[in-house]
Colleague: 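Structure incoming, see below.
Reckoned from all heavy atoms, side chains included, excluding hydrogens, waters and symmetry mates. First the proteins, then the strands, lettered A, B, ... as listed; each starts at 1.
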Amino acid sequence: MGYRPFIDPISLHEHWFWLLLPMALGVSIVYKAIRLRDMERYWRAVMIMTVQIVVGMIVLGIASYLLVAVYVQLLAERAAGS
Amino acid sequence: MSTPASPSTLPAVREPVQPVAALLAFLLPGAGHYYLGYRKRGVRIGLGVALLFVCGLLFGGIDSVDRRENPLWFWFYGQMWSGPAVFAVDWAHQRHFKVVDTFQGFQVLRSARPNEFRDPRTARPLAIQVDPETGVRFVNLPDLTGPGSTRIEGVRPPKLRTLGRVAELGTLFVAVAGMMNLIAIIDAMFKGRAEGRSE
C-alpha cells in the first residue's frame, strides 16, 4: 500500500530524532519574529537559535544517558557492595 | 507632501488591548501583526506556524489531530490555537476517515483497523478480504436495498493509524504550532505597536 501524504504517517520510527531539526527551525522562526526589536539580522538570529536548540537537546540527551547508564549504575553497585 | 508611515516611524499606540489583532492572529497566524503594520513579522509568524503544522500532518498523518479518539486527546487544546485549519482537519478526520461501529447498542466513531474498509455510503466498517488466487484485496459492498453485494477490488483502510514516536511527534508538532501562535496572539493583543519595534 502506497503512502498517502497528510493521511498516513511516515515510517520514521528508526530516525525520529531527525524531526528535531524542522521543529527547532519552526519554533525559532516564530519566536524571533515576535521577540526581535530590529528585523535586520532576523535570519541569522533564527539560525543561531535553531543551532542552540539542537545542541541543547544533544547535551541534555548526553546528560540523561550519563545519569542513567553511568551514575545510577554506580549507585546501584555501591548499594549492592555495602 | 507626507511620506507613508511605517511602524518604526509611527508613534507607539498605547491602547491596552487590541482585540481585532488578536482575533485576526487566531483566524490566520501572522495576520494580527500584519494588521498592526508589522508586515514582515506577520508573514514570518505565519510561515513558522504553517511549517510546524504542515510538518505535523506530513510526519504523523491525519491522526496527529484527533479531538476524540487519540489517547493524547488533551493535546487538542494546545493544537487548536493554530486556528481554524486545526478544526477543519479534525472535522474532516472524524467525518471522512473514521468508521461508525455499533458497540452494546451505541453507535461509536472509531478508526478503522488495518483490515477494514470504510463503506462510503454508511461509514460502516467492512472486512477486507484477500483473494487467495490473485492476492487482490477486496470487499463485498452490500446493496442497501436488497440482499446482493458488489465486489470492489484494490481497497484499503481510510487511513493508517499512527503509532509510537511518530504519533507523539506528529501530535507534538501541531501542538507546538498552536502554542507558538498563542504567543503571537498574546503579543498582538497586548503589545500592539510597541515603541522602537521595526516592521
Colleague: Can you see which heavy atom on A:P5 is nearest to which on B:L58, and at what distance?
Modeller: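 Distance-wise, the nearest heavy atoms are CB-CD1, 4.4 Å.
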Colleague: Relative to chain A, which of B:H93, B:R41, B:M180 shows the most heavy atom pairs under 4.5 Å?
Modeller: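 Winner by heavy-atom pair count: B:R41.
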Colleague: Under 4.5 Å heavy-atom distance to chain A, tell me which part of B:L172 shows up: side chain, backbone, both or neither.
Modeller: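 Both backbone and side chain.
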Colleague: Using non-hydrogen atoms only, which part of B:V43 is less than 4.5 Å away from chain A: side chain, backbone, both, or neither?
Modeller: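 Interface part for B:V43: neither.
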Colleague: Highest number of heavy-atom pairs under 4.5 Å with chain A: which of B:G46, B:A50, B:P158?
Modeller: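 Of the options given, most contacts go to B:P158.
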Colleague: B:R165, B:M179, B:K40, B:E168: which one forms the most heavy-atom pairs within less than 4.5 Å of chain A?
Modeller: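 Highest number of heavy-atom pairs under 4.5 Å: B:R165.
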Colleague: So does A:R44 have more than 12 non-hydrogen atoms from other groups sitting under 6.0 Å from CZ?
Modeller: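 Incorrect, the count does not exceed 12.
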Colleague: Is it true that A:I53 and A:L60 fall in one hydrophobic cluster, defined by side-chain heavy atoms closer than 4.5 Å?
Modeller: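 Same cluster: A:I53 reaches A:L60 through Ile, Leu, Val, Met, Phe, Trp or Tyr contacts under 4.5 Å.
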Colleague: Would you mind checking which part of B:F53 comes under 4.5 Å of any heavy atom in chain A, side chain (CB onward), backbone (N, CA, C, O), both or neither?
Modeller: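 Contact with chain A involves no heavy atom of B:F53 at all.
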Colleague: Using a 6.0 Å cut-off, check whether atom CZ of A:R35 has over 12 heavy atoms from anything other than its own residue.
Modeller: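 Open: at most 12 neighbouring heavy atoms sit under 6.0 Å from CZ of A:R35.
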Colleague: If you check every heavy atom in residues 6-22 of chain A against those of chain B, which residues fall under 4.5 Å?
Modeller: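 If one takes a 4.5 Å heavy-atom cut-off, the residues of residues 6-22 of chain A near chain B are A:F6, A:I7, A:D8, A:P9, A:I10, A:L12, A:H13, A:W16, A:L19, A:P22.
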Colleague: Which pair of non-hydrogen atoms, one from B:K159 and one from A:R4, has the smallest distance, and what is that distance?
Modeller: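 Result for this residue pair: CA-NH2, 3.5 Å.
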Colleague: Starting from the C-alpha separation in whole Å, work towards a yes-or-no answer on side-chain contact (heavy atoms from CB on, under 4.5 Å) for A:M39 and B:R44.
Modeller: CA-CA 11 Å; A:M39 298 296 271; B:R44 286 164 185 179; 3.5 Å; yes
Colleague: Would one find more than 12 heavy atoms of other residues, nucleotides or ligands at under 6.0 Å from atom CZ of A:R41?
Modeller: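 12 or below, so no.
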Colleague: Would you say B:F74 has more than 12 foreign heavy atoms packed within less than 6.0 Å of its CZ?
Modeller: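 Atom CZ in B:F74 is packed in, count exceeds 12.
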Colleague: Under 4.5 Å heavy-atom distance to chain A, tell me which part of B:L51 shows up: side chain, backbone, both or neither.
Modeller: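 Only the side chain of B:L51 comes within 4.5 Å of chain A.
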Colleague: Any link between B:W91 and B:L109 through a network of hydrophobic side chains (Ile, Leu, Val, Met, Phe, Trp, Tyr) touching at under 4.5 Å?
Modeller: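 No.
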Colleague: Verify the cluster assignment for B:W81 and B:V17: are they in a single hydrophobic cluster under the rule of side-chain heavy atoms below 4.5 Å apart?
Modeller: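 In one cluster with B:W81: B:V17, yes.
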Colleague: Can A:V68 be reached from A:I62 by stepping across I, L, V, M, F, W or Y side chains whose heavy atoms are under 4.5 Å apart?
Modeller: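 No: no chain of side-chain contacts under 4.5 Å links A:I62 to A:V68.
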Colleague: Find the one option among B:L57, B:I45, B:V166 whose heavy-atom pairs under 4.5 Å with chain A are most numerous.
Modeller: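 Of B:L57, B:I45, B:V166, B:V166 has the most heavy-atom pairs under 4.5 Å with chain A.
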Colleague: Quick one, B:I183 with A:V30, criterion side-chain contact (heavy atoms from CB on, under 4.5 Å). Give me CA distance, side-chain angles, the key distance, then yes/no.
Modeller: CA-CA 9 Å; B:I183 294 172; A:V30 180; over 6 Å; no
Colleague: Are B:Y38 and B:L47 linked, directly or through intermediate hydrophobic residues, by side-chain heavy-atom contacts shorter than 4.5 Å (ILVMFWY only)?
Modeller: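 No: no chain of side-chain contacts under 4.5 Å links B:L47 to B:Y38.
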Colleague: Of the backbone (N, CA, C, O) and the side chain (C-beta and beyond), which part of B:V49 lies under 4.5 Å from a heavy atom of chain A, both, or neither?
Modeller: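 Both the backbone and the side chain of B:V49 come within 4.5 Å of chain A.
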Colleague: Look at A:L25, A:V46, A:I29 and state which one has the largest set of heavy-atom pairs under 4.5 Å with chain B.
Modeller: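 Of the candidates given, the most pairs with chain B belong to A:I29.
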Colleague: Using non-hydrogen atoms and a limit below 4.5 Å, what part of residues 26-33 of chain B faces chain A?
Modeller: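 From residues 26-33 of chain B, none sit under 4.5 Å of chain A.
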